[in-house]
2 protein chains.
Amino acid sequence: MSRIASVRTTDVRFPTSLELDGSDAVNVDPDYSAAYVEVSTDEGETGYGLVFDCGRGNELITAAMDSYGELLVGRDTDELVNNLGDASRRLVHDSQLRWLGPEKGVSHMACGGLVNALWDIRARREQKPLWLLLSEMSSEELISAVDFTHIRNALTPEDAAGILARAQEGKAERIAELKERGYPAYTTTPGWLGYSDEKLVRLSKEAVEAGFGMIKLKVAGSIEDDRRRLGLAREAVGPDVRIAIDANQRWEEQEAIDWVNQLQDFHPYWIEEPTSTDDILAHAAIRKGVHPVKVATGEAVHNRIIFKQLLQAGAIDVMQIDSTRVAGVNENIANLLLAAQFDVPVCPHAGGVGLCELVQHFSFFDYAAVTGSMENRMIEFVDHLHEHFAEPVVVADGRYQAPALPGIGAEMLRPSVERWTFSSGAGWQDVLTR
Amino acid sequence: MSRIASVRTTDVRFPTSLELDGSDAVNVDPDYSAAYVEVSTDEGETGYGLVFDCGRGNELITAAMDSYGELLVGRDTDELVNNLGDASRRLVHDSQLRWLGPEKGVSHMACGGLVNALWDIRARREQKPLWLLLSEMSSEELISAVDFTHIRNALTPEDAAGILARAQEGKAERIAELKERGYPAYTTTPGWLGYSDEKLVRLSKEAVEAGFGMIKLKVAGSIEDDRRRLGLAREAVGPDVRIAIDANQRWEEQEAIDWVNQLQDFHPYWIEEPTSTDDILAHAAIRKGVHPVKVATGEAVHNRIIFKQLLQAGAIDVMQIDSTRVAGVNENIANLLLAAQFDVPVCPHAGGVGLCELVQHFSFFDYAAVTGSMENRMIEFVDHLHEHFAEPVVVADGRYQAPALPGIGAEMLRPSVERWTFSSGAGWQDVLTR
């Protein structure tokens, strides 16, 4: 019998604050980081997971994965990876650890990292990339992976079964289409607040030439800057390419409405994170106040219960799931099913470290086996740090190409992990002694 | 000039799971614990703070306080303790650490522990217990301590100034009254799920004899047990003593309504935590569905933004602030002001380790200088673990007596901290080698 032999965590950080890549109105100087975890069995299998964050504090996620990891070590691997619903509940609802959230923040993200590593083992065993594993999994097993606690008033297991059953028709064709043509992407690369106007214009034009149908600009520094930058971007991309804007939770409710309405001339497609993602009621008011601009949020939504309410309250037009904020694959299946239940498109958040590599699987799965639709759906793409991954994302002609290697996409290259281990790695030693 | 010289944390746990004290439908086997912190200056002052949790994971709160503590060490003590609004924002809104929440979970509770230790230094300097420090503090300084981010649509600084100004009249008399007569308490001691019927009846009667006007019972194990236990308790206390019930987030929305309505015969006063505290909309529906039973929540509400929405949505009749869930004294001032703005009474959550000692200060302050009312207001009391504190709470005739020692109430006795340091302390060595 195979047992979990070890849970090994590493604090991996990249010194991105030196370049102002990733700068926005709130995250002014992130060092994009991965709390990296390797879950190994006594028979030599390893599953990889990670949690993205902005640098300081990465050590707390690794510590939390170490703590939760103690609940896994010594357990029967087959039991865990063949009943991933139970595996997740065992961590998320631990009777003592639960108080630390419940189901939010450091502890919840750490659960997600571990749960994902278990899914990685499962996908490797079946020799499938996660999206294909999920797309070909039985409806019963998918539903058993979902924790319906506190969402049954919006989505029952029966509702979920209905959604999955309706998507059976044409699934094989959609899987073939995904393998051939991939899935639409949009890019945030041009729009960081730290970039000059010249760089913004150049990168915006390059994005259109590269086939992206939407770019995204960070806003909420100053209204004058936003009007100028949005004007430049609109001129650069022309009237037909969508421009999303992103305030990273900077505003109060009325401020968001007033600010966005001063940008209506430039026809932004959506306003992302106009205010605190905890604030369901404010999002609902903002959505009414900024029409026809759509409202998007999700990268900081800490669990399915908040997403459920955003949907129930009619507070969002676009749901942005994140691969490492919630408790792993299981909770993102729940999130996809909730979005399908309310007929709201999912456009995943990505960027950071590994978020593109991980989150793409959910959109591919959504198209193959949940909604069967790509309408108004795109995966965020930022061209950062992919070179550190065993299977870096491939975006061509503005589309994510289907990942093919077995697993969830979290495995990093050993030399990258070693070089950027904080702060003992050679990369950090170079930076710190500059 | 005084500077912060050290931030020292200790993982203190008590083996309460051995006795089933503190057992409820969700927290089945808590080891009541304190992530304890001592913030010391280079001139020999020390401020004490703590964060309560249920055992496993306490090491993550101490680790988080160590990490955030690095942002304090070396800083000018006067600047910190004379501008506690800035001090709190410096921690809560750190540009990299913010991603770990934002403002929720482990990271947020850790900020609260440190912020509270700074308030402890301030209160000791002024030789006042926290409640009196706050009650006699200028309105300007109180307002400068509040972070109005993402609550301005419900409470502006001008609103806060108005509330505080109206409470000036009679303040001195109310302070005198508090010193003489204290503040009403209710007790949860009789009602833990792990207790036998006989113990429940005996402790319920003792509670009435001790002068408490309300007792609280844990529910949501099984409806038959709840009806039997509630019947026994009602018989024991008579028709005039209130009985609150507490489900610790166990139910779905409709389940909560149906369950509580099956207990209406016994006239429960409030239902506490009927469902996830993240679920504002479900609380609103439950409140409508269980009338005339009141709805209470708050011990797991992770920040002022959720409280704001619970109030905006008319989702609660009773707001239960907690002293160590949010980012310290500052955020609890915000919470008290929000409750006052919506005219909802605050009945603080207590119990655990040190929660009674800390949270009483907010009710005393609320009566003296915020609402000036004790109507339908009570502080929870559980008679556990007080003997480990420098100034244990005193509850007499069903009322908390005014704390008198300078500080916020978090200082623990050195022998207790040493004996129950996990897992090297002598107490744990005894337990673990039993």
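A, B, ... follow the sequence lines: proteins, then strands. Residue 1 opens every chain. It should be emphasised that the depicted structure is a prediction, and the values quoted were computed from it without experimental measurement.
Residues A/I271 and A/W251 are in side-chain contact: their nearest non-hydrogen atoms beyond the backbone lie under 4.5 Å apart. At a threshold of 4.5 Å between non-hydrogen side-chain atoms, the residues B/V359 and B/E380 do not count as touching.
For B/E331, the salt bridge (charged side-chain N to carboxylate O under 4.0 Å, His left out) criterion is met by B/R304, not counting sequence neighbours.
Most heavy-atom pairs under 4.5 Å with chain A, from the set B/T275, B/D278, B/L60, B/D66: that is B/D278. The greatest number of non-hydrogen atom pairs below 4.5 Å with chain A, out of B/D31, B/I61, B/V51, is found for B/D31. For chain B, the option among A/Q312, A/Q96, A/E299 with the highest count of heavy-atom pairs below 4.5 Å is A/Q96. Of the listed residues B/E255, B/K104, B/E70, the one with more heavy-atom pairs under 4.5 angstrom with chain A than any other is B/K104. Top candidate by heavy-atom pairs under 4.5 Å with chain A, chosen from B/N303, B/D53, B/D279, B/V106, is B/D279. Contact tally against chain A (heavy-atom pairs below 4.5 Å) for B/Q254, B/M109, B/E103, B/H302: the top residue is B/H302. Here B/S67 is the residue among B/G105, B/S67, B/S107, B/A300 with the most heavy-atom pairs under 4.5 Å with chain A.
Contact of B/Q309 with chain A is made through backbone and side chain together, with heavy-atom distances under 4.5 Å. In this structure, chain A has a heavy atom under 4.5 Å from the side chain of B/I306, while its backbone stays farther away. Interface residue A/I305: only side-chain heavy atoms are found under 4.5 Å from chain B. Neither the backbone nor the side chain of B/A285 comes within less than 4.5 Å of any heavy atom in chain A. Heavy atoms of A/I151 lying under 4.5 Å from chain B belong exclusively to its backbone. Contact of B/F148 with chain A is made through the backbone alone, with heavy-atom distances under 4.5 Å.
Ionic pairing of B/R13 and B/E59 is present here: one or more N-O contacts between side-chain nitrogen and carboxylate oxygen are shorter than 4.0 angstrom.
When each of B/H349, B/E272, B/R325 is paired with B/Q320, the side chain to side chain donor-acceptor pair (under 3.5 Å) condition holds for B/E272 and for no other.
In this model, a donor atom of one side chain and an acceptor atom of the other lie less than 3.5 Å apart for B/T149 and B/D147. B/T62 and B/D11 share no side-chain donor-acceptor pair at under 3.5 Å.
Under a 3.5 Å cut-off, the side chain of A/H150 and the backbone N or O of B/Q249 do form a donor-acceptor pair. Using modelled atom types, one side-chain atom of A/D246 and one backbone atom of A/N248 make a donor-acceptor pair closer than 3.5 Å.
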